[in-house]
Structure formats: C-alpha cells, structure tokens
Colleague: 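Right, I'll just put the structure down here and ask away after.
Keep in mind the model is a prediction, meaning the values are calculated, not measured. Chain A is the first sequence line, chain B the second, and so forth, proteins listed ahead of strands; every chain is numbered from 1.
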Amino acid sequence: MYALVDAVAFYASAEKVFDPAIRSKPVVVLTNNDGCVCAICPIARRLNIPKFQPYFKVKHLLAKHKVIVRSSNYELYADLSDRMMNVISRFCDKQYIYSIDESFLHFTGFTPLINDWHQYGHLIRRTVWRETKLPVGVGFGSTPTLAKAANHAAKKLKGFNGVAVIDSEQARLRILAAMDVADIWGVGKRLAKKLKQLHINSALDLAKQDPLQMKRLFNVVLARTVDELNGRTCLEWDEVRQDKREIFSTRSFGERLTDPTVLKTALINHCTIVARKLRLQRSLTKRLLLFVASSPHELNAYKKSLVYELPTSSADSCVFANAISEVFAQLYQQNVRFYKCGVGALELSSQQFQQSDLFTPNKNNIKLMKCLDSVNARYGSNTLALASQQQSQAWHMKREFLSPQYTTRWLHLPKISCNL
DNA sequence: TCTGGGGTCCTAGGACCC
DNA sequence: TCTGGGGTCCTAGGACCC
C-alpha cells in the first residue's frame with residue numbers, strides 16, 4: 001500500500017500558520033519576483049482566481065475580491081515543510097519526499113496498529129494539523145499513481161473530507177470514474193486534449209485502455225500509467241525516488257541587469273547551489289550548462305548558452321566558479337537587459353565511481369566541500385561562501401508582499417502579548 | 001512605466017562521420 | 001554527374017509537475 005500526503009495549497013496555507021487573522025480570508029501567493037499567482041487557498045479558489053497567470057493581469061480581480069496577496073517566503077515554507085515532513089515520517093518507516101509539500105509513504109512489511117486506512121489517514125491529518133497548523137490531504141492506493149488519484153479525490157471530490165482510500169475494486173471504480181483524465185498524474189493539458197479526442201474523458205476511461213495500444217499511439221510513460229491505474233505497480237519504490245539525471249539552478253532577476261560583474265556573480269551563486277545539490281545526492285557532473293537571457297517577451301530577445309566540459313567529473317563549487325570565470329566573456333553582451341540566468345549540471349555520475357584523468361591533476365577538494373557543507377548545515381546556508389559570490393543585493397528578488405520569516409530569523413519571532 | 005516561476009525529463013531533428 | 005544509409009552526438013524546445 002502507498003500513501004500520498006500533501007498540503008492543501010501549501011504556500012497559501014503556510015502564510016496562514018502564524019497569521020490567524022487571515023485564515024478565513026482569501027489568500028494567494030506569488031512566484032519569484034511577484035511574477036505569477038502560484039498558490040490559491042480554497043477560499044480564494046471559490047472566487048475563480050486563475051492559477052499561473054501574471055500578477056499584473058489579475059491584480060484588479062484580486063483587489064475587487066479583497067484577496068490577501070503575499071510574495072513567496074521560501075525561508076518560511078522550507079522550514080514549515082521540514083516540520084510537516086517530520087511529523088508525517090512518524091507514520092511509516094519508508095517516506096519519500098517528492099516535493100516541498102508532498103511525500104509518499106510505502107507500507108510494506110509493516111502494517112500500522114490501526115488496521116483501517118481511513119482512520120489512519122485521519123490520524124495523520126489530525127496530527128499534522130495539531131503540530132503544524134497545516135491542512136493536508138491523504139490518499140491511499142496500491143500503486144503510487146492510485147495513491148495520487150486518491151489524494152486528488154480526498155481534496156477535490158465531494159464527500160471525502162481530506163482522506164480517500166482505494167483498497168477495493170468499488171472504491172477504485174468510483175474514484176476513477178469521478179476524475180477527469182487531465183487530473184491523472186502524468187497527463188498534462190496537451191495529452192488530455194488528444195485523449196479526449198479519442199473519447200477518453202475520465203480516469204476510468206483511460207484505465208480501461210489497452211496499455212500496448214496506448215504505447216503505440218502515445219508513449220511508454222502513458223502505458224505505464226494505464227497499468228498503474230489498474231493496480232499493477234510500474235513505478236517501483238526505487239524508481240519513484242531515483243537520483244536526478246540533471247540538476248539546475250536558474251532564476252529571473254528582480255530588475256533587469258546590464259552590469260557584467262553582477263551577472264557573473266549571479267551565475268557563480270547558481271553554480272554553488274548546483275554543486276551543493278550534486279553533493280547531496282552524491283553525484284558528480286562532467287558538463288555544466290551555463291546560460292543568460294533577456295526577457296523572452298522582449299523584442300530582439302537575447303539568449304546565449306554554452307556547455308562547459310570539465311576535465312574530470314566534479315561537484316566542487318570552486319571548480320565550477322573557475323569554469324564560469326573562464327568563459328563568461330562568451331556569454332555576456334553589452335547593452336542587453338538581462339532578465340534571467342542559470343547553471344545546469346548535465347551527465348551526472350555517481351561519486352562512488354569517480355573516473356580520474358591520468359594527465360590532469362584532480363582539482364576536486366572533497367574535504368573542503370565537506371567542511372563547507374557541514375558549517376552551512378549548522379549555521380545557515382552561505383555562512384561560508386566563495387569570495388566570488390559577494391553577497392550582492394543587486395540581483396535579488398522582488399518581493400513586495402513578503403511576510404516575516406517567523407521561524408528562521410530572531411527579529412521576526414512572533415510576539416504574544418497577554419493581559420493579566 | 002513596466003511587469004510573465006522554476007525544475008526535470010524526453011524527443012525530434014540537425015550536424016557530422018563513416 | 002547524380003544519388004544514397006545508418007549511427008552517434010548535440011541542442012532546442014516541448015511536456016509535465018509543483
């Protein structure tokens with residue numbers, strides 16, 4: 001049995017945790033640089049606020065309904081996510097954190113004392129709410145995709161109240177029949193449109209298809225989804241939590257940027273993030289993708305990228321930073337208003353099997369990186385940083401409606417006053 | 001006045017080589 | 001003079017997810 005536990009409109013719910021005054025109000029959260037609406041609380045959802053629309057286009061609508069608008073407060077969300085995942089982990093020995101607000105639980109060789117999945121789901125919900133004040137939905141199913149479907153039902157379909165269980169044929173048919181094919185995990189807008197042309201409208205319609213036929217007409221991924229919807233597990237636990245095959249760090253700037261030094265600093269910051277992520281999954285990369293770009297919405301948009309081939313696979317921030325310095329001139333161009341840049345690690349390999357070069361000295365300083373990681377883990381990210389990262393504020397995000405970092409900054413600690 | 005997220009994986013099609 | 005196959009690698013862009 002698998003379970004998927006995730007928060008209801010996580011970012012918006014997180015904003016309500018330390019601000020009870022807005023709990024009964026419509027709340028939305030914006031993406032980086034206050035670009036788009038990315039989280040809509042259930043109360044705001046009833047007002048038909050569209051998701052992933054540019055903020056400036058829905059501004060008037062939000063104002064009309066007196067919607068509370070917040071910038072993304074990642075410091076807060078990351079910390080609340082940790083707390084939530086911690087609580088959830090107590091309910092199963094195998095947890096896989098799939099995203100900031102979702103985790104899969106895999107019950108195998110272990111049955112909870114409470115031998116009723118409904119009750120168990122509600123216990124998870126109640127406990128998470130009691131300890132974090134975050135609302136979660138829980139879905140159970142015999143495959144990851146069915147657990148996802150149950151989770152969708154738990155939160156979106158009538159009569160489930162936050163928990164749904166697919167543990168019988170009736171339950172499976174009932175939930176899949178009520179689900180639009182577009183709401184299945186792995187079926188996006190594009191695929192859903194094509195499926196509907198073939199009169200495959202509900203999740204159940206898709207489940208009834210022949211996997212081989214789906215593979216022929218579409219691809220192997222969809223064939224697997226069909227199998228999963230029928231209770232045949234294709235995404236094995238190890239596959240669900242496989243190592244990433246590429247790792248990126250990219251960001252748009254709060255304001256357009258023309259200064260080469262600042263742009264280079266931004267790139268170096270991205271490369272240290274990528275290096276840290278690589279070390280976290282014990283991977284090395286042989287090739288870095290570096291890119292810079294002006295806004296795609298601009299006339300004569302500028303875009304330049306290049307692949308840097310490292311002499312030996314690495315996850316060393318210093319090696320990456322040197323690579324950037326070496327080729328930066330090829331990326332930069334005068335009079336371009338830069339909007340975005342990023343670094344990606346391609347062609348990853350395991351740290352365990354490092355291939356060295358007979359003729360090139362290995363420049364990877366594993367000890368130094370280990371030290372850097374442990375200091376930063378203890379005292380906060382970027383306590384130790386490369387000199388070339390120069391804590392510049394110039395390219396930092398625009399966050400006009402930022403809430404306090406209640407849990408990660410002393411100055412932002414919530415104050416409780418009581419009158420005796 | 002101007003404003004449009006970030007991450008990962010996959011694939012079609014082009015370049016190049018034999 | 002004209003015509004032609006198959007493999008590998010690379011890249012840009014698409015699809016999907018949150």
Side-chain angles (χ1 to χ4, degrees), chain A residues 4 6-14 28-40 50-60 69 71-72 74 77-78 81 97-104 137 144-145 148 151-152 155 181-195 218-222 224-225 235 239-256 270 273-274 277-278 281 283 285-287 289-291 293-299 301 303-309 337 339-348 397-400:
Chain A
L4 179 70
D6 76 346
V8 178
F10 179 57
Y11 292 178
S13 298
V28 301
V29 177
L30 307 179
T31 55
N32 282 332
N33 298 318
D34 298 337
C36 296
V37 173
C38 73
I40 305 170
K51 208 173 167 180
F52 290 116
Q53 284 293 307
Y55 170 57
F56 71 91
K57 285 191 180 170
V58 292
K59 212 171 175 173
H60 61 284
V69 177
S71 305
S72 287
Y74 289 111
Y77 309 153
S81 171
I97 296 172
Y98 175 71
S99 73
I100 192 163
D101 79 317
E102 288 177 275
S103 69
F104 281 100
T145 307
K148 261 285 216 193
N151 177 283
H152 178 266
K155 296 196 301 184
V181 72
D183 292 328
I184 298 173
W185 193 29
V187 177
K189 234 175 34 198
R190 188 75 181 251
L191 203 51
K193 197 176 157 196
K194 284 186 193 163
L195 287 168
F218 298 95
N219 56 42
V220 64
V221 181
L222 191 64
R224 279 195 207 134
T225 301
L235 302 163
E239 277 177 66
V240 175
R241 47 181 307 176
Q242 245 175 12
D243 278 353
K244 293 188 176 81
R245 300 166 66 163
E246 53 185 49
I247 289 175
F248 274 74
S249 174
T250 71
R251 199 117 308 173
S252 48
F253 307 116
E255 282 160 25
R256 300 291 186 267
H270 285 303
I273 293 169
V274 167
K277 287 190 191 173
L278 283 168
Q281 74 160 33
S283 292
T285 181
K286 192 80 172 62
R287 323 167 73 196
L289 176 76
L290 315 171
F291 80 88
S294 68
S295 165
H297 305 288
E298 212 161 278
L299 233 61
K303 209 173 164 185
K304 181 95 190 228
S305 70
L306 65 83
V307 174
Y308 187 98
E309 190 97 22
R337 294 168 71 237
Y339 158 77
K340 185 174 186 168
C341 74
V343 173
L346 315 169
E347 208 177 298
L348 306 194
M397 285 185 272
K398 187 170 126 194
R399 299 201 283 188
E400 212 177 308

Colleague: If you check every side-chain atom of A:F56, which of C:dC16, B:dG6, B:dG4 has the closest atom?
Modeller: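 Of the options given, the side chain of A:F56 lies nearest B:dG4.
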Colleague: When you check the gap from the basic side-chain N to the acidic O, do A:E298 and A:R337 get nearer than 4.0 Å?
Modeller: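 Yes, A:E298 and A:R337 are salt-bridged.
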Colleague: Hey, are the side chains of A:F218 and A:L191 touching, using non-hydrogen atoms and a 4.5 Å cut-off?
Modeller: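 Heavy-atom side-chain distance check passes, below 4.5 Å.
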Colleague: Have a look at A:F10 and say if it touches a base, only the backbone sugar-phosphate, or nothing, with a 4.0 Å heavy-atom cut-off.
Modeller: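 Nothing: the residue A:F10, judged by heavy atoms under 4.0 Å, touches no strand.
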Colleague: B:dT8 phosphate, OP1 or OP2: any side-chain N/O from A:R245 under 4.0 angstrom?
Modeller: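 Checking A:R245 against B:dT8: no side-chain N or O falls below 4.0 Å of OP1 or OP2.
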Colleague: What I'd like to find out is whether the side chain of A:V29 reaches to under 4.5 Å of the side chain of A:V69, using heavy atoms alone.
Modeller: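 They are not in side-chain contact.
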Colleague: With the criterion being N/O to N/O and under 3.5 Å, what pairs connect the protein with nucleotides 9-11 of chain C, and how long is each?
Modeller:
none

Colleague: Under 4.0 Å between any heavy atoms, over every strand shown, what does A:I184 touch: base, sugar-phosphate, or nothing? Just pick one.
Modeller: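 Here A:I184 touches the backbone only, sparing every base.
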Colleague: Check every atom of B:dG5, B:dT8, B:dG6 against the side chain of A:Y339 and return the nucleotide holding the closest atom.
Modeller: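 So the side chain of A:Y339 is nearest to B:dG5.
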Colleague: Over how many whole Å does the gap from A:I273 atom CD1 to B:dT8 atom P extend?
Modeller: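 Going from A:I273 (CD1) to B:dT8 (P), I get 12 Å.
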Colleague: Which part of the nucleic acid, if any, lies within contact of A:K398, taking any heavy atom under 4.0 Å across all strands shown: a base, the sugar-phosphate backbone alone, or nothing?
Modeller: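 Answer is nothing: A:K398 stays at 4.0 Å or more from every strand.
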Colleague: Taking for each residue the nucleotide of DNA chain B bearing the nearest heavy atom, is the 5' side occupied by A:K277 or by A:C36?
Modeller: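 The residue closer to the strand's 5' end, by nearest nucleotide, is A:C36.
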Colleague: Round to a whole Å and report the spacing from CZ of A:F52 to P of B:dG5.
Modeller: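 In whole Å, B:dG5 P lies 10 Å from A:F52 CZ.
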Colleague: Rounded off to whole Å, could you give me the OH-to-P distance for the A:Y11 and C:dC17 pair?
Modeller: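 For the pair A:Y11 OH and C:dC17 P, the rounded distance is 17 Å.
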Colleague: Could you check if a side-chain atom of A:M397 sits within less than 4.5 angstrom of a side-chain atom of A:D34, using non-hydrogen atoms only?
Modeller: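 Heavy-atom side-chain distance check fails, nothing below 4.5 Å.
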Colleague: If you round to the nearest 0.5 Å, how far is OG1 of A:T285 from CD of A:E309?
Modeller: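 A:E309 CD to A:T285 OG1: 9.0 Å, rounded to 0.5 Å.
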Colleague: Output the rounded distance in Å from NZ (A:K57) to P (B:dG4).
Modeller: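 Atom NZ in A:K57 sits about 11 Å away from atom P in B:dG4.
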Colleague: For a 4.5 angstrom cut-off between non-hydrogen side-chain atoms, does A:C341 reach A:H270?
Modeller: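 Answer yes - side chains close enough.
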Colleague: Given C:dC18, B:dT8, B:dG7, which nucleotide is nearest the side-chain atoms of A:D101?
Modeller: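 Shortest atom-to-atom distance from the side chain points to C:dC18.
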Colleague: Looking at side-chain heavy atoms only, is the closest gap between A:L348 and A:R245 below 4.5 Å?
Modeller: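 Sidechains of A:R245 and A:L348: no contact.
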Colleague: Has A:R256 got a side-chain N or O lying under 4.0 Å from the OP1 or OP2 atom of B:dG4?
Modeller: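 Checking A:R256 against B:dG4: at least one side-chain N or O falls below 4.0 Å of OP1 or OP2.
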Colleague: So, does A:K340 get its side chain near the phosphate of B:dG6, meaning an N or O under 4.0 Å from OP1 or OP2?
Modeller: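 Indeed, a polar side-chain atom of A:K340 lies that close.
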Colleague: Dot-bracket for DNA chain C, 5' to 3', counting Watson-Crick or G-U wobble pairs under 3.5 Å, with [ ] for crossing pairs and | for inter-strand pairs?
Modeller: ....||||||||||||||
Colleague: Calculate the interatomic distance between A:E246 atom CD and B:dG7 atom P; express it in whole Å.
Modeller: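 From A:E246 CD to B:dG7 P: 12 Å.
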Colleague: On DNA chain B, nearest-nucleotide positions of A:T250 versus A:V220: which is more 5'?
Modeller: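 Looking at DNA chain B, the more 5' nearest nucleotide goes with A:T250.
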Colleague: After noting the C-alpha distance and the side-chain angles of A:K303 and A:K340, does the key distance pass the side-chain contact (heavy atoms from CB on, under 4.5 Å) rule?
Modeller: CA-CA 10 Å; A:K303 209 173 164 185; A:K340 185 174 186 168; over 6 Å; no
Colleague: Taking side chain as C-beta onward, heavy atoms only, is A:F248 less than 4.5 Å from A:I273?
Modeller: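 A side-chain contact is absent here, since even the closest heavy-atom pair is not under 4.5 Å.
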Colleague: Whether A:S99 contacts C:dC17 is assessed here as follows: a side-chain N or O lying under 4.0 Å from the phosphate OP1 or OP2. Is that the case?
Modeller: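 Result: no.
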Colleague: Base, sugar-phosphate, or nothing for A:S249, non-hydrogen atoms under 4.0 angstrom?
Modeller: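 Sugar-phosphate only.
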Colleague: Find the distance A:K59:NZ to B:dG4:C1' and express it as a whole number of Å.
Modeller: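 Distance check: A:K59 NZ to B:dG4 C1' gives 14 Å.
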Colleague: With the threshold set at 4.0 Å, does a side-chain nitrogen-carboxylate oxygen contact exist between A:E347 and A:K286?
Modeller: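 So A:E347 does not pair with A:K286 through a salt bridge.
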Colleague: Mind checking A:I100 for me? I need base, sugar-phosphate or nothing, with any heavy atom below 4.0 Å counting as a touch.
Modeller: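 Nothing, no heavy atom under 4.0 Å.
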Colleague: Find out whether A:N32 and A:R399 are in side-chain contact, i.e. whether some heavy atom of one side chain is under 4.5 Å from a heavy atom of the other.
Modeller: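 Not touching, per the 4.5 Å side-chain cut-off.
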Colleague: Counting heavy atoms from C-beta on, name the nucleotide in B:dG4, B:dG7, C:dC18 closest to the side chain of A:Y98.
Modeller: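 The answer is C:dC18.
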Colleague: Rounding to a whole Å, what distance do you find between A:Y55:OH and B:dC2:P?
Modeller: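 In whole Å, B:dC2 P lies 18 Å from A:Y55 OH.
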Colleague: Collect all protein-nucleotide pairs involving nucleotides 12-15 of chain B in which both atoms are nitrogen or oxygen and the distance is under 3.5 Å.
Modeller:
none

Colleague: Heavy atoms only, 4.0 Å cut-off, all strands: where does A:E102 land among base, sugar-phosphate and nothing?
Modeller: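 Sugar-phosphate, backbone atoms only, no base.
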Colleague: Just by distance, do the side chain of A:N151 and the backbone of A:G137 share a donor-acceptor pair under 3.5 Å?
Modeller: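 Flag set: sc A:N151 to bb A:G137 pair under 3.5 Å.
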Colleague: Counting only heavy atoms not in A:R256 (residues, nucleotides, ligands), do more than 12 fall under 6.0 Å from its CZ?
Modeller: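 Yes - once you tally the heavy atoms of other residues, nucleotides and ligands closer than 6.0 Å, there are more than 12.
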Colleague: Across the strands shown, which category fits A:K303 at heavy-atom distances under 4.0 angstrom: base, sugar-phosphate, nothing?
Modeller: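 A:K303: backbone/sugar contact only, no base atoms under 4.0 Å.
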Colleague: Scan A:L191 against the nucleic acid and name what it touches under 4.0 Å (heavy atoms): base, sugar-phosphate only, or nothing.
Modeller: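 Touches sugar-phosphate only.
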Colleague: Could you state the atom-to-atom distance from NZ of A:K244 to C1' of B:dG7 in whole Å?
Modeller: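 Value for this atom pair: 8 Å.
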Colleague: Evaluate A:W185 against A:T225 for side-chain contact (heavy atoms from CB on, under 4.5 Å), listing each step before the verdict.
Modeller: CA-CA 8 Å; A:W185 193 29; A:T225 301; over 6 Å; no
